[in-house]
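In what follows, a single structure is set out as structure tokens and then discussed.
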There are 2 protein chains.
Amino acid sequence: MKNLSPSLEDYLEAAYTLSLKEGFSRACGISRLLKVSKPSVNSAVKALAARGLLEHEHYGYIRLSPAGLKAGAEISGRHALLKDFFVSVLAMDENQAGEDACRAEHALSPEALRRVGALAVFLKAPPRRRLLLAARSAMSKRKNG
Amino acid sequence: MKNLSPSLEDYLEAAYTLSLKEGFSRACGISRLLKVSKPSVNSAVKALAARGLLEHEHYGYIRLSPAGLKAGAEISGRHALLKDFFVSVLAMDENQAGEDACRAEHALSPEALRRVGALAVFLKAPPRRRLLLAARSAMSKRKNG
DNA sequence: TAATAAAGTTAGCCATGGCTAACTATAGCA
DNA sequence: TGCTATAGTTAGCCATGGCTAACTTTATTA
């Protein structure tokens, strides 16, 4: 599977998010969500369909394929992880956190994402749990765990 | 001053970084640093010159203007802040941290950057200092400080 | 000083990803 | 059933930001 551009990731994420309710999404919904024109959605959807991530009925519904659902969940997960970090750890405003997550989700490596998530888990844990996590980390053989 | 695209920010940052040694930089240095072709550097440098951020002698040196130095320092500071967070807090490898910083520096809002920096300061402080910072924060009237 | 290497420029190509204008299809309702 | 609003499509434009090929300028050095 070829890597998606940030832009295509955004479109797939939007289609995925809108699909969670009904099982499908529509171009106009994506257009409204991402605040882009309908022709922009149209060409992005074509590109995603060409990669086998979704199917697009002519003048009709957009349905994610299994691969599309998987990729959409992955992207959506990145977004949620970052937004949670911004809100729970950095105490940022919800909207601002969403916007930052939206941009940062395309910028960070999987490794950085993983560590940001782990830091959030650690900092959100109650003190006793945190001590346990720290102790386990100290026992671990991993260099940077 | 118009906002710079991520790409132009990278070129300006490169010119700034290379200038720190000698007071000027050259296109071939930027080309090597950013791993892009010389014509790409050439057109980016033109765009930066058009914005008054640097001057470019024909077939010669590139010198940052005062505005360019200011902007370069700002961008470079963002980069350093993020890299420090990735290395000192997330315990990431230097190279990986540099790459992630390079991409994330264009994605995060000033507010997010500020908070990431503050978090790094807090977590890197020794326990007693940390307690003091926490106490001050508790006394502060700011909502999310 | 003339040849050559290195640096810089120009022209022109391409992909991505936006947009508007104008058209077509579908659906809901009088 | 036909009108109209909404949705979707197509064509074509533009800006950004890469690239190569071919050229010019500058610097080095034999």
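Chain letters run A, B, ... following the sequence lines, proteins first and then strands; every chain starts at 1.
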Compare side-chain N and O positions of [X] against OP1 and OP2 of [N] and report whether any pair is under 4.0 Å apart.
X       : N      : answer
A:Tyr61 : C:dT26 : no
B:Ser7  : D:dT16 : no
B:Ser43 : D:dG17 : no
A:Ser37 : C:dG18 : no

**pair A:Leu12-A:Glu9: side-chain heavy atoms closer than 4.5 Å** =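 Sidechains of A:Glu9 and A:Leu12: no contact.
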**Item:** Sidechain N-carboxylate O distance under 4.0 Å for B:Glu57, B:Arg63
**Value:**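 Answer for the salt bridge query: yes.
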**Prompt:** With the threshold set at 4.0 Å, does a side-chain nitrogen-carboxylate oxygen contact exist between B:Glu74 and B:Arg78?
**Reply:**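 Yes, B:Glu74 and B:Arg78 are salt-bridged.
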I want to verify a distance call: between [options], whose nearest atom is closest to the [X] side chain?
X       : options                : value
A:Ala27 : D:dG17, D:dC19, D:dG8  : D:dG8
B:Ser5  : C:dA7, D:dT10, D:dG17  : D:dG17
B:Pro39 : C:dG17, D:dG18, D:dT20 : D:dT20
A:Val36 : C:dC19, D:dG17, D:dA7  : C:dC19
A:His56 : C:dT9, D:dG8, D:dC19   : D:dG8

How long is the line joining [atom1] of [X] and [atom2] of [N], in whole Å?
X       : N      : atom1 : atom2 : value
B:Ile30 : C:dA7  : CD1   : C1'   : 13 Å
A:Tyr59 : C:dC23 : OH    : C1'   : 8 Å
B:Asn42 : D:dG17 : CG    : P     : 15 Å
B:Leu4  : D:dG17 : CG    : P     : 10 Å
A:His58 : D:dA7  : NE2   : C1'   : 12 Å
A:Lys38 : C:dG18 : NZ    : P     : 17 Å
B:Lys46 : D:dT16 : NZ    : C1'   : 15 Å
B:Leu48 : D:dG17 : CG    : C1'   : 13 Å

**Item:** B:Asn42 versus B:His56, side-chain donor and acceptor atoms under 3.5 Å
**Value:**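 Not at all, the side chains of B:His56 and B:Asn42 share no donor-acceptor pair under 3.5 Å.
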**Asked** Given the rule in the side chain to side chain contact (heavy atoms under 4.5 Å, CB included) test, do A:Leu48 and A:Tyr11 qualify, once you have shown the distances and angles that lead to the verdict?
**Response** CA-CA 9 Å; A:Leu48 293 171; A:Tyr11 284 104; 4.0 Å; yes
**Item:** Residue whose nearest DNA chain C nucleotide is more 5′ - A:Leu8 or A:Arg26
**Value:**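 It is A:Leu8 whose nearest nucleotide is closer to the 5' end.
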